Amino acid sequence: MKTTVKTICNFILIAVISCSNSERQGGITGSSANRDNQETEITYVPGMSLCKAASYPVGVAVSAEKLGDSRYAGVVRREFNSVTAENQMKMAYISVAPGKYDWERADAIVAYAEKNNTRVHGHALLWHESLPPWVENFEGTDEEFEAEIKTYIQAVVEHFKGKVASWDVVNEAIEEDGSWRNTVFLQHMGEDYVARCFRWAREADPGVLLFYNDFNLSSNPVKAQAAADMLKGFLPVDGVGMQMHIQVETPAISKIADAVNIFTEMGLIVHFSEIDTRLNADDKLTELTYEAALAQENRLGEIVDMYNTIPESQQYGITFWGLRDNESWLLSRYGTDWPLLFTETYEYKIAHRGVIRAFE
Ligand code: 9MR
């Protein structure tokens with residue numbers, strides 16, 4: 001019964017506030033009463049939406065199909081003013097064959113964004129884990145491979161020119177020890193392939209922001225420094241996406257701050273581009289306890305507090321890697337967990353409150 005009442009309340013809030021403009025506005029009463037009365041609940045009734053409370057864009061990873069569901073789209077519209085395609089702008093989805101493209105699902109995401117005044121962050125032009133068969137099993141010469149990659153990058157950037165604000169140009173090119181990851185791109189194009197990809201993307205759209213995106217940049221200083229050194233070689237790159245697939249206790253916030261500083265000191269914009277928080281890495285929980293939910297609320301609060309210290313001109317925003325816990329890639333990879341801000345039934349977890357409080 002309680003759940004039903006809260007769900008209805010959530011929908012009333014969704015109906016009255018959308019995040020289609022970037023102005024911040026005052027809160028709605030409700031959250032503090034709930035906070036006081038229901039201290040052991042893992043969900044709460046929000047008093048404010050994320051994108052209204054934040055001074056920088058707040059994003060979420062989406063798919064065209066999910067945005068086609070009005071309930072899902074309603075929550076995204078209310079809470080977020082930036083979207084990233086979780087998968088549908090990757091090469092495996094767009095590139096059917098050399099010179100042949102399937103834009104349908106990516107275009108549907110852009111259409112949602114245009115209708116709702118939402119920023120689109122493009123993810124990702126090159127990623128070795130999402131390749132069409134023709135790239136994976138390429139049979140031509142290295143020169144032919146490089147020509148096809150250049151054509152692909154420029155076709156995609158041009159297709160979304162003026163519609164996509166930014167691109168992860170290359171995703172995850174560096175190993176944990178700081179060396180180059182041995183991908184099909186490295187094999188055919190050599191070590192300066194990342195720099196060339198940035199140049200081709202820049203040629204195709206001088207106005208779009210270009211990012212390098214990777215995981216464990218906040219937990220592994222060797223990798224963060226290797227990324228910084230790589231990017232120094234071909235400035236101006238605009239920014240770095242620190243994915244932030246983190247756990248509830250690690251990495252320590254000071255470690256994250258050190259990594260952020262490496263990039264901000266270089267003048268780069270920083271995007272926390274794929275935030276999720278694993279609560280159950282040791283696999284001890286079979287359900288989300290209040291203690292774990294509270295730890296997540298506090299953890300996200302400290303992450304956002306840290307992000308807030310970045311100079312405003314270098315804050316690209318923060319993006320959550322999915323909306324509801326049940327959708328997260330982490331579940332199929334690692335097992336039971338609750339990494340995101342919403343429950344399967346769209347209830348607001350107190351993790352959402354942790355983010356909001358840090359914005360206020
Ligand atoms: O969340 C994405 C999952 O649905 C896909 O199956 C997977 C492979 O394409 O990619 C996941 O997203 C990844 C992102 O694109 C890059 N950083 C790591 C993310 C988690 O694997």
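This chain uses plain numbering: 1 for the first residue, then up along the sequence. Just so you know, ligand 1 is whichever comes first in the structure, and atom 1 is the first atom listed for that ligand. These values consider heavy atoms only, across backbone and side chains, with no hydrogens, waters or symmetry-generated copies. Note that this is a predicted model, so its numbers are computed, not measured.
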Results of ring-ring contact (aromatic ring centres under 6.0 Å, His included) for F215 - residues two or more places apart only: none
Ring centroid separation F198 to Y212 under 6.0 Å: no
Aromatic contact, H121 with F211 (centres under 6.0 Å): yes
Counterpart residues, ring-ring contact (aromatic ring centres under 6.0 Å, His included), relative to W180 (two or more places apart): none
Neighbouring residues of ligand 1, heavy-atom cut-off under 4.0 Å: E86, N87, K90, H123, W127, N171, E172, Q243, H245, E274, W321, W329
H128 ring center near F185 ring center (under 6.0 Å): no
Side-chain donor-acceptor pairs of residues 132-139 under 3.5 Å, sequence neighbours excluded:
{"from": "W134", "atom 1": "NE1", "to": "S95", "atom 2": "OG", "distance (Å)": "2.9"}
{"from": "N137", "atom 1": "ND2", "to": "P133", "atom 2": "O", "distance (Å)": "3.3"}

